[in-house]
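Chain letters run A, B, ... following the sequence lines, proteins first and then strands; every chain starts at 1. This structure is a prediction, so every number in the text was calculated from the model and none was measured. Just so it is clear, the values below take in all heavy atoms, side chains as well, and ignore hydrogens, waters and symmetry mates.
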Amino acid sequence: MIEVESLSKIYRVADKQPGLGGTLQHFMRRRHRDVCAVSNVSFTIARGEMVGFLGANGAGKTTTLKMLCGLIYPSAGQVVVAGHQPQKRHPDFLRRITLVMGQKQQLLWDLPPMDSLRVNAAVYGISDRDAKRRISELSDLLELGEELTRPVRKLSLGQRMKAELLAALLHQPDVLFLDEPTLGLDVNAQARVRKFLADYNQRTGATVLLTSHYMADITALCPRVLLIHQGNLFHDGPLDRLASRLAPERHVRLELAAPVGAEAFAGLGRLDSCCDCEVNLRVQPDELTAVVAQLLDRFEVRDLEVNDPPIDQLIGELFRQGKV
Amino acid sequence: MRRYFKSLRRFWGTAVASQLEYQLNVVIELVAVGLSLLGSLFMLSLFFGPGRALGGWSWHEALIVQGFYTVLDGMASTWLRPNLSSIVTHVREGTLDFVLLKPIDSQFWLSLRTISPAGLPEIALGLLLVIWGGHQAGASLSPGGIAVVLLMLLAGGLILYSLWFLIAATSIWFVKTWNATEVLRAVLASGRYPVAAYPAPLRLLFTLVIPVAFLTTVPAEVVLGRASTPMLWLGLGLAVGFFVAARQFWFYALRHYTSASS
Ligand SMILES: Nc1ncnc2c1ncn2[C@@H]1O[C@H](COP(=O)(O)OP(=O)(O)O)[C@@H](O)[C@H]1O
Ligand SMILES: [Mg+2]
C-alpha cells in the first residue's frame, strides 16, 4: 500500500538576520542553509497495517508524512501510495487518503462541524444520503452528538479532535496519515481516540501510519514501529523489541512527609534527584513492585507516582547511549 | 462540474451563516460602504463639478466611471478581499495543507471559498450610479450594447481578480511581510477617475502595465458609445492573458510550497 524507496527531503532555508537590515542584507547577498529533514529512508507498509512512527521533535516525522500525502516534493527517492505518486495529487489519489494533524484544524472556527462536513461532502462528491448515513455512523463510533451542531469554538479540545477525525474520514479513505492526533488531549480523550482508531482499522481494513508523542498511543495501537532520528530510519520492526531497548526504566516520583538524605535510597533503583521532600528514582520494570513496596514501608510517603518517561527523553537517551 | 456547483452553494451557504454570527459587523460594514461612497462622490465633484470637465469627461460621464469603480470595489469586498486574506492565513497557519489535499481545484477553492454579502449593496449602488449617469449623459443602449457593457465589466473583474490572485500567490514565499490587500486597494483606487484625467505617463501605465483603464474607463466608454473596437479586443485579450498567467503562476508557486512546519 505504501512503498518508500531512498526518500530524502532537504529544506533550503534562508540565513537571514531579523529586522529590516537583515532583510536588505539578505536581498543583496543571499545565503542559504540546507536542512536535511529526511535522508535515505526506505520502508514498505502492507494494506491494513497499523504502523507507529516514532522520533524526537524535529526528527523528520511530519516531513515524511507530508511527502507521503503529496504536500511537498521529495528531494530524492521514490514514493508510491495506493498505486499513485503522491506529489501529483491526482484526485483519485486524494480520495483514498486522509491526513489528520494534531496541531492544525480544518474545521471552521465559527461554524458548527456539521457545516464543514457538508462542505467536505460536496467537495468529495458524496451524495446527501450517503453523507448523512456516514456522519451518523461515525458520530456513533466517536460518541459525538449535538456537538456537531455547536460552533467549533465552543467545543473542548477532545470534542474538536473527534470532529476533526470525522471530517477527515467522511470520504472513507483507505490510507490514514495521523500526525500526533492525540496532542494535548487529556488521558480519557486520548484513550477514546485510540480505541476509535483501533476499531476503525479493524472494521475497514484501512492502512494507518501514526506519529505520536505519547508512547501509550504507540503501544496500544501499533504492532510495528518505525523509529526515525535526525532524518534517518533506525528501527523498523515489532514494538516489543524496541520497547525493551527504549523503556527499560520507569520513573518513580515520591513526595515525602519529611526530607530524607540521598543515601537512604541505596539499592532502590537509580536516584535522579533528591531535594527536600521530592525524590525522583528510576527503577527497572521487574523490580518495580518490590521497590514501591519497600518505599512505602520505609518512608512516610505523601504521594507516589509511576510514569513512563516521555518519549523524546527516552529516544534522546537511547542515542546518547549509542544503542542504535 | 455538478460537484463544483454544489460545492460553491455549500461554500457560500456556510460563509453567510458564519457572518450572521456577527450581526453587528454586517451593519457596521453597510454604514461604512455608504459613507465611503459619499466621500468619493464629494472628491469627484471637486474635479468634475457640474459644468466642469476634465480630460474631455463631463460630470455625468465621470459618474459612470465612478459607478463602475463602485461595482468593482463592491466585488472586491464581497469576494476578493475575504478570500485573499484567507490565502495568507492558510499559508501562515499551515491549513493550506487541507485545501491541497481536497480532490478539487485549489484555485477554485481559494478564490471562491467565502463571500461577504455586506459588499453586495455596494455593487447595486454602483450599477444604479452607472445607469443614472448614463441616462443623464444621454446614453442610449441597445440590448446588444448592454451585453457588451456586461462583457467588458466581466473582463475588468477578471483582470482585477487575476492581479489579486497573482499577488496572493506570492504569500507562499513572503508569508509575513506582504500586505496584499493594501496594494490591491491602491491599484483599484486609481480607477476611480477616467484615465484621461491623468497625465500622459500615468495614462500609459494604467493602460498597458497595470490595466486599470480596462477596469472602469473602458466599460464607461462602451456605455457612452465611444469605445474603439481594438480597445475592446485588447481588454478581452488582457483579461484572458492575466487569468492564464495567474493560474500558471499558482502552479509554479505550489511547486515551491514547503508547508508551514509543525
Ligand atoms: N517548512 C520547513 N522549512 C524548513 N525547515 C523545516 C520545515 N519543516 C520542517 N523543517 C525542519 O526539518 C526537520 C524535521 O522537521 P519535522 O519533519 O517537522 O520533524 P518532526 O515532525 O519529527 O518533529 C526539523 O529540523 C525542522 O526544523
Ligand atoms: Mg511533527
Show, in sequence, the C-alpha distance, side-chain angles and deciding distance for D97(B) and K104(A), and conclude whether the side chain to side chain contact (heavy atoms under 4.5 Å, CB included) test is met. CA-CA 9 Å; D97(B) 291 353; K104(A) 302 178 187 174; 2.8 Å; yes
Distance, nearest 0.5 Å, that separates [atom1] of [X] from [atom2] of [Y]:
X	Y	atom1	atom2	answer
L254(B)	Y73(A)	CG	OH	8.0 Å
K66(A)	L100(B)	NZ	CG	11.0 Å
L107(A)	T95(B)	CG	OG1	11.5 Å
M101(A)	F98(B)	CE	CZ	4.0 Å

Looking only at heavy atoms, which two atoms of P103(B) and P91(A) are closest? And how far apart? CB-O, 4.0 Å
Considering only heavy atoms and a distance below 4.5 Å, find which of I72(A), L71(A), D110(A) pairs most often with chain B. L71(A)
With a 4.5 angstrom heavy-atom cut-off, could you sort out which part of R255(B) is near chain A: side chain, backbone, both or neither? both
For [X], is it the side chain, the backbone, both, or neither that has a heavy atom closer than 4.5 Å to a heavy atom of chain B?
X	value
P112(A)	neither
I126(A)	backbone
E180(A)	neither
L111(A)	side chain

Closer than 4.0 angstrom, basic N to acidic O: yes or no for D128(A) and R10(B)? yes
Residue selection (most heavy-atom pairs with chain A, distance under 4.5 Å) from K6(B), R113(B), K102(B): K102(B)
Side-chain donor-acceptor pairs of residues 114-125 of chain A under 3.5 Å, sequence neighbours excluded:
{"from": "S116(A)", "atom 1": "OG", "to": "L108(A)", "atom 2": "N", "distance (Å)": "3.3"}
{"from": "N120(A)", "atom 1": "ND2", "to": "Q106(A)", "atom 2": "OE1", "distance (Å)": "3.4"}

Residue pairs involving residues 94-121 of chain A (criterion ring-ring contact (aromatic ring centres under 6.0 Å, His included); sequence neighbours excluded): none
Would you find more than 12 non-hydrogen atoms of other residues, nucleotides or ligands less than 6.0 Å from F251(B) atom CZ? yes
